[in-house]
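Notes to accompany the following structure.
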Number of protein chains: 2
Amino acid sequence: MGLVTCDVTVSVDGFVAGPDQTLEQPLARGGETLHRWQFEQSDVNASELAGILDAGAYIMGRNMFGPVRGGWPEDRRGWWGPNPPYHAPVFVLTHHARGPVEMDGGTTFSFIEAGIGEALARARSAAGARNVAVAGGASTINQYLAAGLIDELRLHIAPVLLGSGERLFGDVEPPLWLMPIAARATDSSHTLPTG
Amino acid sequence: MGLVTCDVTVSVDGFVAGPDQTLEQPLARGGETLHRWQFEQSDVNASELAGILDAGAYIMGRNMFGPVRGGWPEDRRGWWGPNPPYHAPVFVLTHHARGPVEMDGGTTFSFIEAGIGEALARARSAAGARNVAVAGGASTINQYLAAGLIDELRLHIAPVLLGSGERLFGDVEPPLWLMPIAARATDSSHTLPTG
């Protein structure tokens with residue numbers, strides 16, 4: 001059985017996304033600066049990206065799939081276009097039933113109403129011997145952290161101050177056991193103001 | 001003229017100290033686990049410690065010097081015993097006048113009522129060509145960050161979850177320019193639960 005992993009990029013002040021998420025700005029105000037490292041070419045960045053997309057199945061919250069509330073509009077198929085980067089089963093936590101949505105390239109979105117435990121069981125089953133990745137957003141990651149269900153948390157700390165937004169570790173209370181595995185720095189020296 | 005540096009150890013959820021500071025627990029509940037790395041022998045840790053104590057003058061808030069409120073009791077001489085580790089002038093921000101306190105080993109505590117700008121001017125003058133270090137706590141560091149007065153912020157991120165306490169970057173609003181200089185990991189693999 002694989003590990004349950006979680007790659008998450010946080011601002012230096014601990015936010016996974018900025019405030020005021022909209023359809024046009026899924027990472028909210030300033031949030032896209034968090035992920036700029038993914039578009040900068042370096043060996044470390046390429047290796048980190050490969051690690052993020054190496055899982056056999058993914059879990060995400062409904063807010064990561066789409067910010068709509070209530071029932072699902074049939075045309076809501078995520079943020080990623082017709083061929084999402086997952087190429088694997090993706091389990092979306094929701095309170096609203098919806099049948100699976102098959103995308104190009106092997107990504108299938110399945111909608112789970114029975115909570116984080118059921119989503120993890122389904123993802124483990126789909127992943128087989130490979131890892132299951134908790135993809136986000138903050139609320140979903142925090143629920144899995146609080147439940148002690150994440151084996152390997154990979155924090156990508158961006159040199160960006162957001163000031164407000166969705167906080168990683170929000171509502172996660174001690175004790176939480178953490179053991180350092182490894183740390184490394186990108187060779188990026190880019191900087192931009194935020195806000 | 002030297003740099004204005006700030007070494008600060010934060011929990012993985014962004015706290016500089018835990019909740020409920022007391023005279024017996026100056027770093028508050030769980031806070032001492034943050035600083036365990038300083039007592040673990042490794043080349044990286046030794047080098048980091050040397051960097052922290054390399055300044056020509058230091059600035060700290062009154063809460064770091066002592067949690068007392070109101071006027072100063074004459075016997076309040078910091079947390080560090082008769083020979084503090086600074087061996088240099090230390091400027092303590094306060095609203096209550098007090099004459100300088102000379103300690104063994106070259107540390108002198110001077111009490112500054114005129115705010116962070118005056119404290120920095122005094123520290124720069126005392127440090128000459130050497131660096132000035134903003135030693136803490138969170139409120140003092142946050143004031144200097146918000147004012148854009150810190151040249152080099154050295155974040156030491158500990159694998160500890162505190163859940164609450166004194167937050168680094170609290171009240172610091174974007175935009176804040178940050179440029180990565182370097183990052184490295186200790187070889188520590190110790191872990192302890194907190195809370």
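Note on naming: letters A, B, ... go to the chains in the order of the sequence lines (proteins, then strands), and numbering restarts at 1 for each one.
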**OP:** Check the surroundings of atom CD in A:E102: do more than 12 heavy atoms from other residues, nucleotides or ligands lie under 6.0 Å from it?
**Re:** no
**OP:** May I have all residue pairs that pass salt bridge (Lys or Arg N to Asp or Glu O under 4.0 Å) and include part of residues 153-179 of chain B, sequence neighbours excluded?
**Re:** B:D7-B:R154, B:E152-B:R154
**OP:** Please check if B:W80 and B:L49 belong to a single hydrophobic cluster, counting links between Ile, Leu, Val, Met, Phe, Trp and Tyr side chain heavy atoms closer than 4.5 Å.
**Re:** yes
Subject >> Engaged part of B:L155 at the chain A interface, taking heavy atoms whose separation is under 4.5 Å >> reply: side chain
Subject >> A:H95 NE2: over 12 foreign heavy atoms closer than 6.0 Å >> reply: no
Original post:
Looking only at heavy atoms, which two atoms of A:F169 and B:V12 are closest? And how far apart?
Top reply: CE1-O, 3.5 Å
Subject >> Connected via hydrophobic side-chain network under 4.5 Å: A:W79 and A:L53 >> reply: yes
**OP:** Would you please go through residues 127-143 of chain B and name the residues with a non-hydrogen atom below 4.5 Å from one of chain A, in numerical order?
**Re:** none
Subject >> Intermediate values then yes/no, side-chain contact (heavy atoms from CB on, under 4.5 Å), A:D13 and B:L168 >> reply: CA-CA 7 Å; A:D13 52 343; B:L168 186 67; over 6 Å; no
Original post:
Checking B:V10 against chain A: side chain, backbone, both or neither under 4.5 Å from a heavy atom?
Top reply: neither
**OP:** Search all heavy atoms of A:A183 against all heavy atoms of B:A185 and return the closest pair with its distance.
**Re:** CB-CB, 3.3 Å
Original post:
Can you hop from A:I116 to A:L3 via hydrophobic side chains spaced under 4.5 Å?
Top reply: no
Original post:
Where on A:I157 is there a heavy atom nearer than 4.5 Å to chain B: the side chain, the backbone, both, or neither?
Top reply: side chain
Original post:
By side chain to side chain contact (heavy atoms under 4.5 Å, CB included), which residues pair with B:E113, not counting sequence neighbours?
Top reply: B:T94, B:A97
Subject >> OG-CG distance between B:S11 and A:L178, expressed to the nearest 0.5 angstrom >> reply: 10.0 Å
**OP:** With sequence neighbours excluded, tell me which residues meet side chain to side chain contact (heavy atoms under 4.5 Å, CB included) with A:A158.
**Re:** A:T9, A:L34, A:V160
Original post:
Closest heavy-atom contact between B:P159 and A:P180?
Top reply: CG-CG, 3.6 Å
